[in-house]
Every structure is written in C-alpha cells, then in structure tokens.
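The next block holds one structure in the form of structure tokens; read it before the comments.
Atoms within a ligand are numbered from 1 in the order they appear, just like the ligands themselves.
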Amino acid sequence: MTSAAAPEAIVVGGGPAGLMAAEILAGAGAAVDLYDSMPTIGRKLLMAGRGGLNLTHTEPLQAFCRRYGAQAEVVGGWLDAFSPDDLRRFASTLGIETFVGSSGRVFPTGLKASPLLRAWIGRLRAAGVRFHLRHRWIGLTADGMSCFERPDGSRHQASAGATVLAFGGASWPRLGSDGQGVAHLAAAGIAAVPFAPANCGFDVAWSPAFLARAEGQPLKSLALAFQGQTARGEIVITRYGLEGGPLYALGAALRQAIATSGRACLLLDLKPDLTTENVQARLLRRGSGSLANTLRKQLGLRGIVSALLHELVSPADRADAGRLARHIKALEVPLCGIQPLARAISSAGGIDFAEVDADLMLRRFPGLFVAGEMLDWEAPTGGYLLQAAFSSGFIAGRGAGRYLQLIQE
Ligand SMILES: Cc1cc2nc3c(=O)[nH]c(=O)nc-3n(C[C@H](O)[C@H](O)[C@H](O)COP(=O)(O)OP(=O)(O)OC[C@H]3O[C@@H](n4cnc5c(N)ncnc54)[C@H](O)[C@@H]3O)c2cc1C
C-alpha cells in the first residue's frame, strides 16, 4: 500500500497501456487513481483473448519494428525500453506462461486473457491502485483538472501531479475505446490524425452466383501484393469482400489508395511457389477434363479457386494456358471499399507524435502523458498491437514517474 503522502497520479483507461502505466507508477510508489468509462476494464484485451491472445511476436527486433511503418523508429524506442521478452517475463510474474505458436507468434499457454487480467487487477489493487469505473474523461478544466462524467450525468473533477491518458483507438467502440477522448484533446488544441480502420476487411463487388458458392470459404497458401508490398497466408471470402491476416499487412497502403481513388487493385498469387512457366506447363497437361479438375489435379488448387477464376477472368483468358497461368500468378482483385471502423480490429490515426516528447508527455500540457492505440501509429495483427500498447504504457508510466521525481535515471 502507498502512504497517504505519496505523490498522486491519475491514469485514464484500463486497457493494456493504462494498466501498464499504473503498474509502473504504483511500483515507483505513487498513489494511483485509475478511471475508466466502462463498468469493467480491459474489455478489448478480453476480446483479443477470444482469438487466443496473441501477446507479441518473436521475430528479430529490427523486423519487428518495421511492422510499425512510418513510426518504426519511435516504436522501436519503446521496444528498447520494454521489449517482447520483457512482456513475456511480465506475464510470467502474473503466473501466465507463454509459448511460441505458428510463425513466431506468442500466446499465453491458456490461450485466454481473463487469467492475466484477473491476476493483474489483483496485483494493482494490492499495490494500492484505486479503480473508478463508469467515469468518462471529458476534458480539462481551465486550471488543468481532469473532468469526468458519470452515467447519471453528474461530474467529478480530479487533479494529480501527473496524469496518463490511455483511451485506446476507435475500433469496436462498444468495448470502450470510442475516439471521444482524443476528440476532447483535439478540442483543446492537440493535433490528432482522424481515426481510420486498420486490420479490417475490404469490399469487393462479388456476383450473387459467386457468393452463393464461395461465401465463408478460405483461400489458402496465397501471396498478396500491392504497390510492391507482399504478404503470404490465408484470406477468407466474405459477403462484403475479403478478410484475413495477409490483407491486414497490406492494409495501410490499400486504405490510402481507396481513400484517394475509391479503388485498389490487389494482386493474388494463387501458386506462390511455382513460376508462371511451371504453372503454364501444368495447365497444358489439361487434356479433355474440366478446368476445375485440371486445377485440382495439376496444381492442387481447390474448387473455390476455380470459382474465383470464373468470377474474375474472361472465358477467353481461361481457355488459354499462357494467359490463365499469368492470372493464377497475379490475379487482379478490384477492391472498391473498406469495412467501417466499428468492425476493424484496430485503428490508424490518433494523437500526432509532434505533440509528445520522448516520455510521451504532451508538450503543451506538462504533466499530461498519453499512451497506447490513441497515438498515431498502426501495425498489422501478429501481437504487434498489444506489444506497442504495453510498451507505450511503460514509457508513459515511467515518464510520469520521472515527472513526479519517483523514478531516477
Ligand atoms: C477483436 C479484437 C481482437 C484483437 N486481438 C489482438 C491480438 O490478438 N493481438 C494484438 O496484439 N492485438 C489485438 N487486438 C488489438 C488490441 O486489443 C488493442 O490494440 C489494445 O487493446 C489497445 O490497448 P490500449 O490500452 O491502447 O486501448 P484499449 O485496450 O482500447 O483500452 C482503452 C480503455 O480506455 C477506456 N476509455 C476510452 N475512452 C475513455 C474516456 N474518455 N474516459 C475514460 N475511459 C476511457 C476504455 O473503456 C478502455 O478500457 C485486438 C482487437 C480486437 C478488437
């Protein structure tokens, strides 16, 4: 427990970023009050747990940092301070062991978020952190106090030596992070890039006949390409278009193209381990069988691929082995839209990095720190989102502790 005279800190937002900031501050001896607008905290973390909770990734740090695109350098600094290994050790201190799954992703052995969250809340309470739920941060008063609104409309004001805001992004708003906190900061003069969907599906105007055959079907072992970027894996055909990990990896460039011109031409390589010449040679063994049979027997491509080629390739090109081989190696899929923010796994946009110093303190509001997805970075799925949320929470918590002079260099 902290003493009554301990310097006070406020943390707003009980997601991984805010909880990590609270952890660091309480560990340094601050009396921490944590506020959240929802009746319970960590709802997005729990939702991530439904997919097994991909906490982080084991790829080398340089490659890891490149996942953050334009913000690779700044996020790299966070990872230097609180690395993927640190995150695994941290989970272990909560009694949660982790394992490395397929393609280097890291998961808790129980593949759930609830044991980690439960143990963490217990430890924070034991360290004296006080939780104030159903308190929505709605801005700062003229003298710099945090102003909260409760569900009955009543207001509460609180001040502290240092405050960490960790509102999250703006996807899945029903889980608590709805972008409103950033809007309040923007109204106070803080520059913010509008939130946009990231790690989300894209729209394709499929024909009803194709959808009847293909909706919900996976396209496996593909390579996707757009503007020189490539990603491999599996995508799924949906009612509205396409969804899946490799698509998310190309998502930022696809989103920008659609925002600029209303469309983007995604290229699918349906046989990435064969050359166009190999594919053509195998197609020439067709004989009198159907195209679907040839694709299955000669190239190991399932019926759904044949349906996709019928949907997107003209009959003349399907009948010509050379042209069909080129389509199989670079099938053009016209994307005509992007799924809405409410259905995206994460969001791009948020507080502009020009507004914060290396400790993630807002330059215009000394003592006010920001962390997590509410900052203007984005990354694909694979554990990169949670890692950056935890690491930035560490940076902001440590910065707030330094500001309170609890943490020395
Ligand atoms: C379905 C799904 C699956 C995911 N799976 C993974 C995964 O496996 N791996 C991965 O790396 N990432 C995953 N993510 C993304 C990851 O969960 C988020 O990037 C991460 O939770 C962001 O952490 P955060 O602390 O910044 O924000 P959040 O976790 O969103 O927490 C923000 C908190 O702030 C509170 N809040 C917001 N505004 C206010 C306000 N004005 N006043 C008071 N409180 C407020 C919210 O209620 C919330 O509790 C997934 C996301 C979704 C939606």
- prompt: Which atom names give the shortest non-hydrogen contact between K112 and L53, and what distance separates them?
  reply: O-CD2, 3.9 Å

- prompt: Does a salt bridge link D178 with R136, judged by any charged N lying under 4.0 Å from a carboxylate O?
  reply: yes

field: Step-by-step ring-ring contact (aromatic ring centres under 6.0 Å, His included) determination, W377 to Y384
entry: CA-CA 11 Å; W377 57 270; Y384 307 104; over 10 Å; no

field: Close approach, S171 and ligand 1, non-hydrogen under 4.0 angstrom
entry: no

query: What is the nearest protein non-hydrogen atom to atom 14 (N) of ligand 1, stated with its residue, atom name and distance?
result: I345 CG2, 4.0 Å

- prompt: Backbone or side chain, does any N or O of Q387 fall under 3.5 Å from an N or O of ligand 1?
  reply: no

message: The criterion is salt bridge (Lys or Arg N to Asp or Glu O under 4.0 Å); which residues satisfy it with D317, sequence neighbours excluded?
response: R323

field: Within reach of ligand 1, part of V12 (heavy-atom separation under 4.0 Å)
entry: side chain

- request: Return yes if a side-chain donor-acceptor contact under 3.5 Å exists between S346 and E373, otherwise no.
  value: no

- prompt: I237 versus L242: any side-chain heavy-atom pair under 4.5 Å?
  reply: yes

- request: Find all atoms of ligand 1 within a distance of less than 4.0 Å from any non-hydrogen atom belonging to G15, and give their numbers and elements.
  value: 25 (O), 29 (O), 31 (O), 33 (C)

task: State the atoms of ligand 1, each with its element, that fall below the 4.0 Å cut-off from a heavy-atom position in G372.
output: 26 (O)

message: For Y68 and E73, which I'm curious about, is there any donor-acceptor pair between the side chains at under 3.5 Å?
response: no

message: Below 4.0 Å, non-hydrogen atoms only: which portion of R50 touches ligand 1? Side chain, backbone, both or neither.
response: neither

Contacting atoms of ligand 1, where contact means under 4.0 angstrom from a heavy atom of H135: 42 (N), 43 (C)

statement: side chain to side chain contact (heavy atoms under 4.5 Å, CB included) with L247: of N199, L222, L224, only one passes, and it is L224

- prompt: Less than 4.5 Å apart, any side-chain heavy atom of Q157 and any of S146?
  reply: no

query: Charged N to carboxylate O under 4.0 angstrom, E59 versus R67?
result: yes

field: Nearest-option assignment for atom 46 (C) of ligand 1, heavy atoms, candidates L45, L55, D36
entry: D36

- prompt: Do any heavy atoms of A166 fall under 4.0 Å from ligand 1?
  reply: yes

query: Between W172 and ligand 1, which residue portion shows a heavy-atom distance shorter than 4.0 Å: side chain, backbone, both, or neither?
result: side chain

- prompt: Short list, please: which atoms of ligand 1 are under 4.0 Å from a heavy atom of G168?
  reply: 26 (O), 27 (O), 30 (O), 32 (C)

- prompt: Quick one: nearest non-hydrogen protein atom to atom 9 (N) of ligand 1, plus distance?
  reply: N54 O, 2.9 Å

- request: In plain terms, say whether E215 and R239 are close enough for a salt bridge, that is, a side-chain N and a carboxylate O under 4.0 Å apart.
  value: yes

query: Which residue holds the protein heavy atom closest to atom 29 (O) of ligand 1, what is that atom called, and what is the gap in Å?
result: P16 CD, 3.4 Å

Side chain proximity check, W78 to L360, heavy atoms < 4.5 angstrom: yes

message: Using heavy atoms and a 4.0 Å limit, tell me yes or no: is M47 in contact with ligand 1?
response: yes

query: For atom 11 (O) of ligand 1, which protein heavy atom lies nearest, and how many Å away is it?
result: L386 N, 2.7 Å

message: Heavy-atom distances under 4.0 Å decide this one: backbone, side chain, both or neither, for A48 against ligand 1?
response: both

message: Considering both backbone and side-chain atoms of G181, is one of its nitrogen or oxygen atoms within less than 3.5 Å of a nitrogen or oxygen in ligand 1?
response: no

- line: Among Y35, W137, F390, closest by heavy atom to atom 41 (N) of ligand 1 is W137

field: Under 4.0 Å to a heavy atom of G383 - the qualifying atoms of ligand 1, by number
entry: 11 (O)

task: Output the list of atoms in ligand 1 that are nearer than 4.0 Å to some heavy atom of A17, sorted by atom number.
output: 25 (O), 26 (O)

message: Check for me whether the distance between the ring centres of F148 and H132 falls short of 6.0 Å.
response: no

- prompt: Got the closest protein heavy atom to atom 39 (C) of ligand 1, with its distance?
  reply: F167 CD2, 3.6 Å

query: Is the shortest heavy-atom distance from the side chain of L61 to the side chain of P84 under 4.5 Å?
result: yes

task: Could you tell me whether ligand 1 has any atom less than 4.0 Å away from a heavy atom of M38?
output: yes

- prompt: At what distance is the nearest protein heavy atom to atom 17 (O) of ligand 1, and which residue and atom is it?
  reply: K44 CG, 3.7 Å

field: ligand 1 contacted by G51 (non-hydrogen, < 4.0 Å)
entry: no

query: Charged N to carboxylate O below 4.0 Å: is that the case for E378 and R255?
result: yes

- prompt: Any idea which protein heavy atom is nearest atom 45 (C) of ligand 1, and the distance to it?
  reply: S37 OG, 3.4 Å

Candidate pair S391 and Q387, rule side chain to side chain donor-acceptor pair (under 3.5 Å), full reasoning: CA-CA 6 Å; S391 296; Q387 179 69 52; 2.9 Å; yes

Heavy-atom nearest neighbour in the protein, as seen from atom 26 (O) of ligand 1, with distance rounded to 0.1 Å: E373 N, 2.9 Å

